[in-house]
Structures are given as structure tokens and as C-alpha cells.
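A short worksheet on the structure shown next.
Remember, predicted model here, so these are calculated numbers, not experimental data. Numbers here are sequence positions counted from 1. When a ligand or atom number is given, it counts from 1 through the structure's own listing order.
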Amino acid sequence: MKKTAVALMAVMLLLGCSSANKSKENKVKQARFDSAARQLVAKMTPEEKVGQMTQITLEQFGKSGPDGYFVLDEQKLRDGIVNHHLGSILNCGGQARTVKNWQEIIARMQDVATKETRLGVPIIYGIDTIHGANYVLGATLFPHNIGMAATGNVALMEKSGEIAALETRAAGIPWNFGPVLDLARQPMWPRVFETFGEDPYLASTMGAAYIQGQQGKDLSSPVKVATCMKHYLGYCFPWSGQDRTPAYIPDRQLREWFLKPYQAAVQAGTVTCMVNSSEINGIPVHASKFYLTDLLRGELGFQGLVVSDWADIENLYTREMVAKDRREAVKMAVMAGVDMSMVPYDYSFYDTLLELVQSGEVPMKRIDEAVSNILQVKYMLGLFKDPYPRKDLAGTVGAESSRQVNLQAAQEAMTLLKNEGNVLPLAKGRKVLVTGPAANKLSLLNSGWSTTWQGDQEQLYPQEKNTILEAIQEKLGKDNVTYVDAVAFDKEIDIAKAVAAAADVEAIIACVGEPCYCETPGNINDLTMTEPQLKLVKELAATGKPVVLVLVEGRPRVIRTIADSAKAILMAYLPGLEGGQAVADVLFGDANPSGKLPLTYPKYSAGFTSYDHKTSEEKGGNKYDPQWPFGYGLSYTTFEYRGLRADASEMTPKDKLTVTVEVTNTGARAGKETVQLYLSDVVASITPPVKVLKRFQKVELKPNEMKVVRFELTWDDLAFIGLDNKPVVEPGEFKAQVGKMSVSFTAREGRS
Ligand code: BGC
């Protein structure tokens, strides 16, 4: 029977109340600064306003000297800040710098901005702190977001955000271009590792926790930074799989999947937003008033600053071909809702926008609005009171306590995908062979956004950190570890040597994966793991010695042809600076793995299906047949789920439904388990997904210990995007599912 639709009053209802409260706190502050910002705007000349809207890259103001020390060119700096009234500067000038160097650079910029300009407006410096303060030497580099999502540990996520904020602000930088809230639904996309996986709820929850950790309650605190949700919207779903290429997304899917993490981020109080470099259904997002103003501000209620992505206003006429020239492109983007242009190399945006303002083609009202959005963030950050780096914070970068949090994060990210005959954990004191291109490089554990953009400069990494090989050598003693450099990613080196070495060992640890990359340089044409790596594993497995496969990769490379021959498979993602240690800890049982896949691991390199697919995708000869499903991950202990129950069999819009389940550690060692609650809408007017993740909670259990895990569902959790593209709940039967158990309940409209 078809159900009746009950429309939800507001999109906001989809979100939890704790984040709603937080947003109220933030909005109050924002409103206070709004009037200060507007008063300042009223004093500004058109040149000063357009300058505020301009963001230029650091390379334009000097160059790297010896040892990567950045030396400012005073004349160029003044030309930018004094003559062009620059509002913002970004990036790292090529590589990570010492805290001291950063502090000097930022202090000098603020000197010029506050002492040598008419109104003394401070600069807002922005940077990509993607997995820790990756452009600050000595900083704590966490697992990339895909690994953080696998931890299922929301408190740890928040903590990592806090540390990354501290280490970024210690360098004098108050603005982070993150978190990435795109979803990993196109596994070829080279930015999968920057995401929190394929699921909107998981990404919303982790994203909001990160924002909270970074911004706290008071952005003017010297240990907090402004966050930037990006890349709004739909960037992550390129049809071709290649970076910065078109997405085709029906409105319903846009709202059901891609919009939700941004809704959650707005609710969590993020104060800035970066725009998708590419297009949705032929509409470049930088040129879209619908996406940037109507949807973002009108519907989501975002009140902050919108910054373009790198050169993307220019791209409207050079790449997207929706504008005939720069003039048209600048007008289009500014009128659509872009407040600040990441130009980033020259003053062309400044000059063009000034002309457009002077000729009246871009109304002053729009400029005032944009500048006031920018100034508000500067006020919130306390930059008008004190724009200078805090020298005393320099010593906080890379603290031992932060390292420990990082190690925990890397350990909890580790996702055990296979463990035939409990081959893991390996016994210490026996001989092993370690091989594979990812075995002995810190760069590969960190990849893109690590000390440089592409992350491939091995010499810039702190050499005291362990690679996987070094961490294993520490545990077993060097004499017990044979290392053979058998293959590179794209060529064989000496597979025969590795095969020969296998004769003397008890187990083989093959560390395979991906080279360093990020953004467009990481494009691939085939998701399959490269041939030399597959060949290495096959030949090693043929020796009969157990092969333990460690996957060091930013996206799920297809390994179907070796998955059976490896006895154990550990997904390490891009685990960061403690990643080598964490891998070894898990392989030898010093840590118990507890990660769960935040994405579907495909078995084939085509026809990708996510876990929340439709029934038709698994019926009539079709099947959801991934290598491993979303949410999958083993432990060295076993967990048993029992007694799933809902506290009522019916639910109305006013009710909350409590679902409980007993989880027992039935194995011999302590372990952590992320308990996942899925919901299925049995019949709906829009074909319902087989299940959707609604809640998760990580618990720690000693052997034989049992905990009752409690989840509370609200009416809004039952909603989907209906026929009119608005959230609706259709009364009828629902199934809540945890593990292999499910419990049914009925949603009823309007019972008092
Ligand atoms: C990326 C952004 C990044 C910006 C600044 C762009 O190429 O798409 O994610 O924030 O560069 O580095």
C-alpha cells in the first residue's frame, strides 16, 4: 500500500538538536560582528573594498631561501597590501615552513596591513590544514580524513581538529581550508582520501566534530581557527572519475546525499565556505546564484564568507566557457555569491572588479555585502584586536601528547579486512620478509597535502618517524626482518629476489598501494592496483608462505585477483606520521584493529555501487557484490550482538524511538567496536534504499564484558527527499537494523 506523505516543516529538522544549539551560539556572535563590519565597510573606498575581496598566493610576495626559509620581498608585499588593499593571502609558497618562519611572515604582513594602510584592516591568512598542520614543519600529521572516518571515533575526530587548529594558529594562521565535506561515491576521484567516506551521515557527524574541535565556542581564542567547508557542492561526483570534471546529479540525490554534510557544517557553525571548482549538470558552481545564494544562504542559512577555489573565476572563461571574457566571469561569480576570489597570482580580479563597480555593472550593495562577510570573520577571529602570531605557542607544535592522540587515531583507523585462520597477529621473534613500494617511505603514509602539495618530498619528513619497515624492525630486531625492494608502483625491480627471500621467513608482509598524489595529478584511468604490485603478491603467495597484505592507499584500488591469495589484508588508508608504527602495532598484536570501512570497497573497476543502493540493484540476477561492504572491519576479538529492541512499536512526529542492543566481547582480548544502526523504509513513493546509516557509536569492551548501546531516533530520521524534492516522512513500516538483527516499527501520522 502506498503511504501518505507528511512533509517536514523545515530542512533543518533533519539535523540533531545539539548542533542546532551550537549554531545558535555562533550566530549570535556573528550578528554582533555584523554591525561592526558594516560600520567599517561604510568608511571604505571602492578600492579598499575590492582589495578585501582579493586573495593572492604567498609565492607572489617573495621566495624560498636556503632550507626552505621564506624571504618576503618588501616591495611586492607593500604593492599588494598598501597599493591593492589586499584582504587575504594563502598557501605555503611551495613547502612547509618552520613555526618561526611562519610567525615572521605573518607578523610582517600584519605590520604592513595594520600600520601602513589607511584603515588598518588585518590580513586573513588561509591555508590547507588537511590532516593536521601539514605546512608547518614538525606538526602532527594525522591519518587523512578517510582513515579518521574509519575510526568511527567522534571524540577523537574532534580532538584531532583541536590539535590541528592549535598547530595552525601557532604558526599565526587563523583560517583553515577544511574540512572537505565531499562524499566518496566515485572511487576513481583523486580526492577520495580527503573525504569522510561515502555516507552523508558519517561525513556530517565527523565534519561537525572537526569543526567544533577547530573553532570551539570562541573563534578569537589563540588556539582556534576558522574552518571552511568545501568544496560546495557536488565536486566529488565527476562522471569521468577525473578531478574537476562535470557531475550530473539529480536534485533529489543532491539533497539526499551531497548537501547533507554542508547542512550539518552550517549547523555546527562553520564560518567560511569554498566553492566546487567544477560544474553540476552543466552549471559551474562559481557562476550559480542558485547554489551560492538561494540554496546556501537562503535554505541552509549560511551567513559566512564564500571564497572561490584556485583560479576558478578565471576558469569561467578559460575552461568552463560560460563567460566570454574576464569581465563577464568576474561579474558572474560575484553576482552569484562569491565574496572572495582566490585569484591567486595577480591583480586582474582586483582591476576588473573595480572597473565593474565604477561602471555600476556590479552594484555597490553586493560589494558591501561581500566585504562585510569577510570583515565579520576577521572580527570573529579577533584579528582587529590582535592579528599577530603568539610566540609562546610555537612550542606547542608536535607535542608528545598530540603524538599520542595521533598514534591512537592511526591505530583506530586500521581496518582489518581479512584474517584467514587468524594468521594475524603475527608472533614476534620469528623471521618476516617485508616488501612492496609502500614499506619504507614516510611520504607514502602521508601522500598529498603533506609538507608539499603532492607530498612526495621524502627528505622533508621528520626522519625520526618510523616507516612500516622501521617499526617492524624495532619490534622484531633487524636480524629477523628481510627487506626486498621488489617493485615500484609502475615497474618491476626484482620480484625474483623477494621470492627467493621468502624461503627463509615465516610470513611475508607486502605493503602495496598508491604513489603520492593529490588533486588532478592523482587522476587514474583504471581503479585496479598496478600490475607490478599484483604480480609481486601473486608470486609471493605461490611460495606457500602466508602473505599479509597492507594497503597504503587513498582510494580503494581493485585487488580482486590477489584478495584470495593473501591470508590477511589490512587497510591502512593514508595513516599519517604515526602510520608506520600503527601498522606494525596491529600486525604484531600491540594494538587491536577497530576500523570500519567508510566506503564500499569495489571488487571490479566499473559499475560502482554504494551500500545504500536500491533493492533492484540486488534482485533479479543483480547483486551488491563489493570486495568488502561499507561498515566492514574485523577485530582480534569477537563481538556478539543480542537483544535488539525498540522501546515502542509505533512512532509519531512527536515521539523519539529508543533502540537498544547488547554487545558482548566474546573473545579473549579487549577491543573496540563501532556499533552501526541502519534504517530501512519498507515501502516509499521514491524507491527506498535497502538501508541507510542513522547512528553509530564506538564502545570499548574487555573480554566477556557486555554493554547496552542505546540509540535515539527522531521523526526526522525517517525522512527522505520526496517527490517535490523536500524531506518527507511517509507513515508505514520501518526496520531498524544492527548487525544481523532487525526490529520493525510503524510510523504513524499525528497520533496525539
Ligand atoms: C584546491 C582546494 C584548496 C586550494 C588552495 C585548490 O586547488 O581545490 O581544496 O583549498 O587549492 O590551496
**Request:** Check Thr245 against Pro238 and note the closest heavy-atom contact, atom names and distance.
**Result:**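 The pair with the smallest heavy-atom distance is OG1-CB, 3.2 Å.
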
Any donor-acceptor pair under 3.5 Å linking the side chain of [X] with the backbone of [Y]?
X	Y	value
Ser308	Met342	yes
Asn145	Glu194	yes
Arg185	Gly197	no
Gln263	Leu300	no

**Asked** Counting heavy atoms only, which part of Arg244 comes closer than 4.0 Å to ligand 1: side chain, backbone, both or neither?
**Response**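 Side chain only.
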
Within the 4.0 Å heavy-atom shell around [X], which atoms of ligand 1 are there?
X	value
Lys230	2 (C), 3 (C), 9 (O), 10 (O)
Asp309	1 (C), 2 (C), 3 (C), 4 (C), 6 (C), 7 (O), 8 (O), 11 (O)
Trp310	6 (C), 7 (O), 11 (O)
Met274	2 (C), 10 (O)
Arg191	1 (C), 2 (C), 8 (O), 9 (O)

**Message:** Looking at Arg255 and Glu299, is any side-chain nitrogen of the basic one under 4.0 Å from a carboxylate oxygen of the acidic one?
**Reply:**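 So Glu299 pairs with Arg255 through a salt bridge.
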
**Message:** Considering Ile127, Thr520, Asp128 one by one, which has a heavy atom nearer to atom 3 (C) of ligand 1 than any of the others?
**Reply:**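 The nearest heavy atom belongs to Asp128.
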
